[in-house]
Amino acid sequence: MESEQLFNRSGYYRNGYNSITSASSDEELLDGTGVVMDFHTSEDDNLLDGDTTSPGSNYVMSNGGGVLSSTTHLLDFLEEPIPGVGTYDDFHTIDWVREKCKDRERHRKINTKKKESAWEFTKSLYDAWSGWLVVTLTGLASGALAGLIDISADWLNDIKEGVCLNAMWFNHEQCCWGSNETTFAERDKCPQWKSWAGLILGQEEGPGSYIMNYFMYIYWALSFALLAVLLVKVFAPYACGSGIPEIKTILSGFIIRGYLGKWTLLIKTVTLVLAVASGLSLGKEGPLVHVACCCGNIFSYLFPKYSKNEAKKREVLSAASAAGVSVAFGAPIGGVLFSLEEVSYYFPLKTLWRSFFAALVAAFVLRSINPFGNSRLVLFYVEYHTPWYLFELIPFILLGVFGGLWGAFFIKANIAWCRRRKSTRFGKYPVLEVIFVAAITAVVAFPNPYTRQNTSELIKELFTDCGPLESSQLCQYRSQMNGSKAFGDASPNKPAGPGVYTAMWQLCLALVFKIIMTIFTFGLKVPAGLFIPSMAIGAIAGRIVGIAVEQLAYYHHDWLVFREWCEVGTDCITPGLYAMVGAAACLGGVTRMTVSLVVIVFELTGGLEYIVPLMAAVMTSKWVGDAFGREGIYESHIRLNGYPFLDAKSEFTHTTLAREVMRPQRSDPPLAVLTQDDLTVEELQVIINETSYNGFPVIVSKESQRLVGFALRRDITIAIENARRKQEGILLTSRVYFTQHAPTLPADSPRPLKLRSILDMSPFTVTDHTPMEIVVDIFRKLGLRQCLVTHNGIVLGIITKKNILAHLEELKEHMEPLASPWYYHKKRYPSSYGPVDQPRPRQHNVQLVTSFPGRHDDEEESEEEVVHLLEGRGSSL
């Protein structure tokens, strides 16, 4: 029991947000498998990172944020490294400063030894090239897996409608490639391909055939969805979702063991194919980023440079995310910009080069596989040849407004549904939820040809410009027009035919269906991307607007807006371009991506001519969406799941000070501290047993309270255990000292224990008057876990990353009006302050807080005399 208390580090209690503000434990917010840390609920008593840890397990690594004085030597009396040193527990944040310090020390050792022998020089070359090797392997694996997923998803998607008799491994299009019996109007029908009605009933047409095909479509959709959710639930719970919110959190320094492991990679690859083939309103592009990051994480373990340094490993993951977007959209440059703009937290210049190289390798491998048979990297690659005109910026901007409104509505609706799922019984039955959503999707989708087909094929049809080889309903008049033009007709323009009007109302129904189902699908316990559904919604809206503008220009070509540039007999409007702009606008409204999104869509079209319409629509969608909330869908899910993520793009505009956020506050127990040379091993163990904090400030003495350094709970525990095991004479009464020289002790005293080597002599500190805007910036840019708050060298409290998150959340919830700076300097004093803004006197082991003359009555009532013990339970560190 005593051992369990010694290592108990639970800093959370049942009181929801109050537990966050009443303690400042260094343990972070998390969302494990079915475990959620939420500021809005009180169901946070089962957090994984608060679990009791056994003595034999790894301990959390946290420091004061400064450069450690003992990067390579933990204990001065040990000759070999201690197992577990330098590693992190699950659901904890890495120390960026310590990791970079370790990497610099490793690099200095290599440079020193490479001149000693040829072998050491070879090892230095291997270390220098290991970064390029790991991104090369990541790119190769990402491209190969993306090609496999594309081919398998297309085949399984066609299985819902029929089977190829000659070769079952052919999809519908491949099955009819070699047939000589296809027609222009029905090019997808050939004797080699049999629908399920033709195979079972022996007839292709009629009500019975329609019902049989309907039934088989639903059967296969439910089968694929059921198999996908069962595989995820049984073998790899982390394989669900898109993975991008978790990737962003991991790249910011959070540890989620198993999220990028081999089992997650295997199950995500298989279930992604099944989820896409089930017909659910989801895509495979987002999860491909997760797949690529799994590859990067696995290959990084082959190289000690990355396997033993979590900060360096995140450089590989940044490059892997670029490779994932590269194979998802066939956009290598867009992938690099996506990694830089959207997911990466730390992105040095060499990571930019390696991300570019990884994206290049992945795109090359996918192009070599040629999964779609069109010599392109994506299914919906298009090229337009008609220029756009200035007047068209108006409908383009309107599409941007629609994209921003859709994005804001989707984020609020999806987050509300996901929160309801977590707080009600819906979340307890993920398999039934997936089956229910898949059943509704299949039943409603089959009658409409635009919802029945694969979403990527739908986007391709909406993007495609009508020509003589197009037989789609959307191009009914275009086929006639181009055909007549070939025979010299002087007036090629014609009004929309009945097929176009039929397609228009079907697209309107498909738009409503996609909007509703995407809200309920994103967040299911299956791999689910959001890129393709959002692009499909925007493409449908854009195509509808494009056809409307085209018909308006045809019937009213004498209007002033059309007269100058839309001549009779010319193709002025390209509806496919409107679909592309709408797709970019809706995706931008949901994700709030800007530069990377424009480049991705530009690479899809292969032309620079349409960058201005894309930029106008994307920026408009972002502005409109930001008017309803600045968080994109991924940031919203990060916040919903309670991940410890400080968004570098958000701004802190409040005027609070460090002393208002630090712990302890007025209602908290005083800060738990260690003195540098007058504690015994027994007293130190009592402090560890009675507290659950991850570190302790070390002060000169109880009288002076001046800061000496910062000692980690984990390092103290390891030091005591190893000293007892390897040193003789270490007893419970042994004196513990953090100074360079041992204190003067009586002759009969037991051997003292020196712990100076585990003391961080340069922890990050801020003064009590430091604005929180600066403190938040320091935490973001340096990746700190905590910093100490001092006043004239006297330690007053501590600010942890969890305190920052709690403070930001409190400001978002209450949105108190900003007060002028004098308000904070004049009235708000933490419990450690007196009326003249000076630290209160501390005598021996107590802190005295007394009332002072000259105060107003309301202040005197709150300043009753209290005594705070400095030892025992204190603020969480």
Side-chain angles (χ1 to χ4, degrees), residues 16-17 29-48 91 221-222 225-226 228-234 236-246 248-249 256 259 267-268 271-272 274-275 278-283 286-287 290 406-442 444 513-530 533-534 590-591 629 631-643 645 809:
Y17 180 73
L29 314 181
L30 60 103
D31 176 25
T33 307
V35 182
V36 179
M37 182 63 190
D38 196 326
F39 289 113
H40 306 284
T41 66
S42 59
E43 300 295 331
D44 51 0
D45 51 325
N46 292 324
L47 299 176
L48 294 183
F91 300 113
L222 294 179
L226 177 62
V229 70
L230 288 178
L231 288 175
V232 168
K233 182 179 180 181
V234 175
Y238 284 147
C240 66
S242 87
I244 294 181
E246 288 76 13
K248 291 188 65 170
T249 308
I256 307 180
Y259 197 86
I267 300 302
K268 186 106 181 183
T271 55
L272 179 57
L274 295 171
S278 67
L280 290 168
S281 183
L282 49 83
H290 188 187
W406 147 250
F409 169 73
F410 172 79
I411 291 172
K412 292 184 180 298
N414 181 255
I415 293 299
W417 174 250
C418 290
R419 183 174 290 115
R420 182 175 179 81
R421 178 190 293 128
K422 290 176 179 292
S423 59
T424 61
R425 300 180 63 183
F426 289 107
K428 298 181 180 179
Y429 306 100
V431 177
L432 293 180
E433 184 185 12
V434 170
I435 294 300
F436 182 71
V437 174
I440 294 179
T441 303
V444 179
F513 169 78
K514 288 287 184 182
I515 288 176
I516 295 175
M517 295 312 302
T518 303
I519 292 174
F520 294 98
T521 302
F522 190 70
L524 294 178
K525 298 303 181 183
V526 292
L530 191 59
S534 298
V590 171
T591 62
E631 291 183 339
I633 184 63
Y634 300 129
E635 290 79 12
S636 298
H637 272 269
I638 288 174
R639 184 183 176 194
L640 173 69
N641 293 331
Y643 294 132
F645 180 76
E809 185 69 16

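Numbers here are sequence positions counted from 1. Worth saying up front: this structure is predicted, and the values here are computed from it rather than measured.
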Side-chain donor-acceptor pair present, Ser281, Thr518, cut-off under 3.5 Å | yes
Report the distance from atom CZ of Phe520 to atom CD1 of Ile440, rounding to the nearest 0.5 Å.
-> 8.5 Å
Could you tell me which residues satisfy side chain to side chain contact (heavy atoms under 4.5 Å, CB included) with Phe513, sequence neighbours excluded, listed by chain and number?
-> Thr441, Val444, Ala445, Thr451, Met517
Side chain to side chain, Leu524 and Cys240, heavy atoms closer than 4.5 Å | no
So which heavy atom on Ser278 is nearest to which on Ala221, and how close?
-> O-CB, 3.2 Å
If you measure from NZ on Lys248 to OH on Tyr634, what distance do you get to the nearest 0.5 Å?
-> 9.5 Å
Identify, with sequence neighbours excluded, every residue that meets side chain to side chain donor-acceptor pair (under 3.5 Å) alongside Ser242.
-> none
Got a second to check how far Phe410's CZ is from Ile633's CD1, nearest 0.5 Å?
-> 4.5 Å
CD of Glu433 to OG1 of Thr521, rounded to nearest 0.5 Å, is 9.5 Å
Quick one: list whatever passes side chain to side chain contact (heavy atoms under 4.5 Å, CB included) with Tyr429, sequence neighbours left out.
-> Arg425, Leu432
Contact summary for Val229 and Leu226, nearest pair of heavy atoms | CG1-O, 3.2 Å
Ignoring hydrogens and angles, tell me if any N or O in the side chain of Lys525 forms a donor-acceptor pair with the backbone of Pro430 under 3.5 Å.
-> no
If every non-hydrogen atom of Leu231 is compared with every non-hydrogen atom of Ile267, which pair is closest and at what distance?
-> O-CG2, 3.8 Å
Begin from the C-alpha positions of Arg639 and Glu631 and carry the test side chain to side chain contact (heavy atoms under 4.5 Å, CB included) through to its verdict.
-> CA-CA 9 Å; Arg639 184 183 176 194; Glu631 291 183 339; 3.6 Å; yes
Taking only residues two or more places apart in sequence, or in another chain, which ones meet Ala416 in a side chain to side chain contact (heavy atoms under 4.5 Å, CB included)?
-> none
Exercise: identify the closest heavy-atom pair between Ala275 and Ala228 = N-CB, 4.3 Å
Under 4.5 Å between any side-chain heavy atoms of Leu274 and Pro527, yes or no?
-> no
Minimal non-hydrogen separation, Ala438 against Leu280, with atom names = CA-CD2, 3.6 Å
Check whether any side-chain heavy atom of Lys422 lies under 4.5 Å from a side-chain heavy atom of Asn641, and answer yes or no.
-> yes
For the atom pair CG (Asn414) and CZ (Arg421), what is the distance rounded to the nearest 0.5 Å?
-> 7.5 Å
Sub-4.5 Å side-chain heavy-atom contact between Pro533 and Lys514 | no
Which atom of Leu272 lies closest to which atom of Gly283, heavy atoms considered = CD1-O, 4.2 Å
Between Val526 and Thr271, is any pair of side-chain heavy atoms under 4.5 Å apart?
-> no
How would you list, by chain and number, every residue that makes a ring pair (Phe, Tyr, Trp, His ring centres under 6.0 Å) with Tyr259, sequence neighbours excluded?
-> Tyr238, His290
Test side chain to side chain contact (heavy atoms under 4.5 Å, CB included) applied to Ala528 - qualifying residues, sequence neighbours left out | Leu282
Determine, step by step, whether His637 and Phe522 satisfy the ring-ring contact (aromatic ring centres under 6.0 Å, His included) criterion, reporting the C-alpha distance in whole Å, the side-chain angles of both residues, the deciding distance to 0.1 Å, and the verdict.
-> CA-CA 11 Å; His637 272 269; Phe522 190 70; 5.2 Å; yes
